[in-house]
Amino acid sequence: MKYTNPILSGFHPDPSICCVGDDFYLVTSSFEYFPGLPLFHSTDLVHWEQIGHILDRNSQVTLSDEAPNCLGIYAPTIRYHEGIYYCIVTNVSGPKGGNFFVYTTDPYGAWSEPVTLPFDGIDPSLLFDDDGKIYYSGTNNGIFITELTLTKSTSADGRVQISCDHVGKQVYVWNGSGGSNPEGPHLYRIDGMYYLMIAEGGTEYCHMTTIARSRSVYGPYENCPHNPVLTNRSTALPIKAVGHADLIEDQNGNWWAVCLGIRPLGYPFRHNLGRETMLVPVTWKQGWPIMGMNGDGHVDAEIETSLLPCTETDFSAPFQSKHYIPGSSFTDTFDTAAMHLSWNTIYNPDDTLYEFTKNGLILHGNENDLSSSSVKSLLCRRQEHFDFTVRLTISMEIIPENGEAGLAIYMNNRHHYEIAMTLVNQKRCLILRRRIGKLSAVENIIAYDDTSVILQLTGSREEYTFSYRLSEQAPPVTIGSGETQYLTTEAGGCFTGNYIAIYAANADAVCKEFIYDVE
Ligand code: 6LW
């Protein structure tokens with residue numbers, strides 16, 4: 001049987017996974033986007049459905065505009081122990097940030113309020129040891145391990161409550177195998193040994209996964225003789241920058257790693273989809289993991305294996321699910337106030353900016369446009385494919401001075417291309433604008449009298465192309481395009497991938513239909 005990487009396309013970095021019976025749960029980082037920590041479920045490790053977000057209430061997380069690009073929710077770890085799911089993570093957001101965990105007995109339901117932990121640094125992980133002890137591993141100029149004492153109680157309404165009563169001494173145990181940026185640790189107890197797996201080399205093209213082991217939790221840790229156990233650095237493989245892995249043993253005793261990786265557009269390497277989630281088979285030899293399809297420590301784009309935990313032999317039929325399948329085509333007519341799972345806001349949402357009505361979603365634009373790093377009227381979803389088409393039916397009865405609303409391909413507030421309805425010289429028009437760092441250009445202005453329009457954005461590896469249509473039946477009229485390569489992490493991004501955004505500024509706009517089409 002063959003599967004393809006990534007298993008989660010688009011911006012889904014720092015994956016962490018747990019196995020509970022026949023079910024797998026996976027979570028990825030979300031940075032400044034809300035809701036935070038998208039949560040996925042699978043029974044075969046290849047097909048994933050999104051069942052929710054772990055941080056979906058304002059009370060759980062503050063992502064204010066004090067936390068601009070590259071801050072916010074970093075590198076989670078998900079674990080299951082004695083009926084409880086735990087997710088531990090860092091909010092890298094100044095004074096309101098820090099390390100914390102949330103928990104639930106039902107991953108399809110609500111997760112708890114945060115339990116904060118008194119550690120500096122990032123990339124926390126938990127190990128529930130066989131002897132009942134609980135260990136925290138984290139990154140703070142090196143990898144440290146400490147013991148946590150958690151107390152479980154039951155509230156009056158029957159809910160489990162967990163507090164952290166005591167933390168032990170932080171012991172620095174390993175600095176990696178010699179690469180830069182030792183980070184992203186996960187500690188495991190396997191066959192009586194402690195294994196500490198980390199990321200090294202930085203999250204760019206030298207990224208790698210390394211491992212060490214010890215009989216004692218606090219070390220000394222012995223470097224794996226064939227480190228890095230996983231890397232695509234200095235190879236011609238199409239997937240690059242693999243690392244930040246988490247290990248899992250499935251119900252059949254087979255081992256797997258999920259890790260992040262990127263798919264550059266071409267040469268020189270630039271990537272626009274962010275860091276994506278990959279799956280690799282793992283075997284063990286003399287107490288060390290051997291990763292990759294051929295045991296060569298690489299992540300291939302196509303992996304042939306007979307070991308997946310499923311009875312299917314052919315993945316060519318489309319995967320069906322009652323939950324949202326990430327990466328699938330999708331139409332939103334905004335007729336329900338419950339926001340579709342694929343939508344994000346930047347920072348916690350300001351509810352006054354979004355109004356669901358029977359006529360569609362009204363975006364109440366505040367004074368902040370796409371280039372503002374403050375809270376703005378913007379809904380966005382990940383760009384999950386190189387090739388896609390998006391159509392947005394949007395109308396504006398009145399356009400105030402400086403008012404505009406439209407459709408954007410958005411990397412961050414300093415890098416975005418957009419088509420919008422606006423006023424130029426008091427006249428209604430469609431405008432195509434591109435901002436790349438400090439450069440900003442109006443590419444085209446088309447006089448347009450109607451109050452309603454279908455805006456279209458088509459993506460390819462080379463270009464983002466913008467068009468409009470007067471109606472579904474009318475052919476699209478192209479008004480311009482921009483190079484994909486300038487909206488890439490290498491050109492001005494950071495830890496996130498590109499988003500497709502609908503937005504309004506200084507105006508109210510009604511969004512009637514949004515179609516993301518990958519056929
Ligand atoms: C994360 C670190 C990393 O905290 O990137 O790739 C950082 N590894 O471990 C942000 O995702």
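In listed order, ligands and their atoms are each counted from 1.
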Atom 6 (O) of ligand 1 - nearest protein heavy atom and its distance: Thr203 OG1, 2.8 Å
Atom indices of ligand 1 within 4.0 angstrom of Ala75 heavy atoms, with elements: 4 (O)
For ligand 1, find out whether one of its N or O atoms is nearer than 3.5 Å to an N or O atom of Asp14. yes
So, Glu113 and Arg57, do they make that salt bridge, N to O below 4.0 Å? yes
Counting only heavy atoms, which portion of Leu260 has something under 4.0 Å from ligand 1: side chain, backbone, both, or neither? side chain
Counting from 1 in the order shown, the ligand 1 atoms closer than 4.0 Å to a non-hydrogen atom of Ile122 are 4 (O)
Just need the protein heavy atom nearest to atom 3 (C) of ligand 1, so name the residue and atom and give the distance. Glu183 OE2, 3.5 Å
All ring-ring contact (aromatic ring centres under 6.0 Å, His included) counterparts of His12, not counting sequence neighbours: Phe40
Run the salt bridge (charged side-chain N to carboxylate O under 4.0 Å, His left out) test against Arg270 and tell me which residues pass, sequence neighbours left out. none
Validation row, ring centre His385 to ring centre Tyr516 under 6.0 Å: yes
Considering His244, His207, Arg275, which one's heavy-atom position lies nearest to atom 5 (O) of ligand 1? Arg275
Parallel, tilted or perpendicular: which describes the rings of Tyr86 and Tyr103, with under 30° parallel and over 60° perpendicular? tilted
What class does the angle between the rings of Phe495 and Phe31 fall in, given that below 30° is parallel, 30 to 60° is tilted and above 60° is perpendicular? tilted
When you measure from atom 2 (C) of ligand 1 to every protein heavy atom, which one gives the shortest distance, and what is it? Asp123 OD2, 3.3 Å
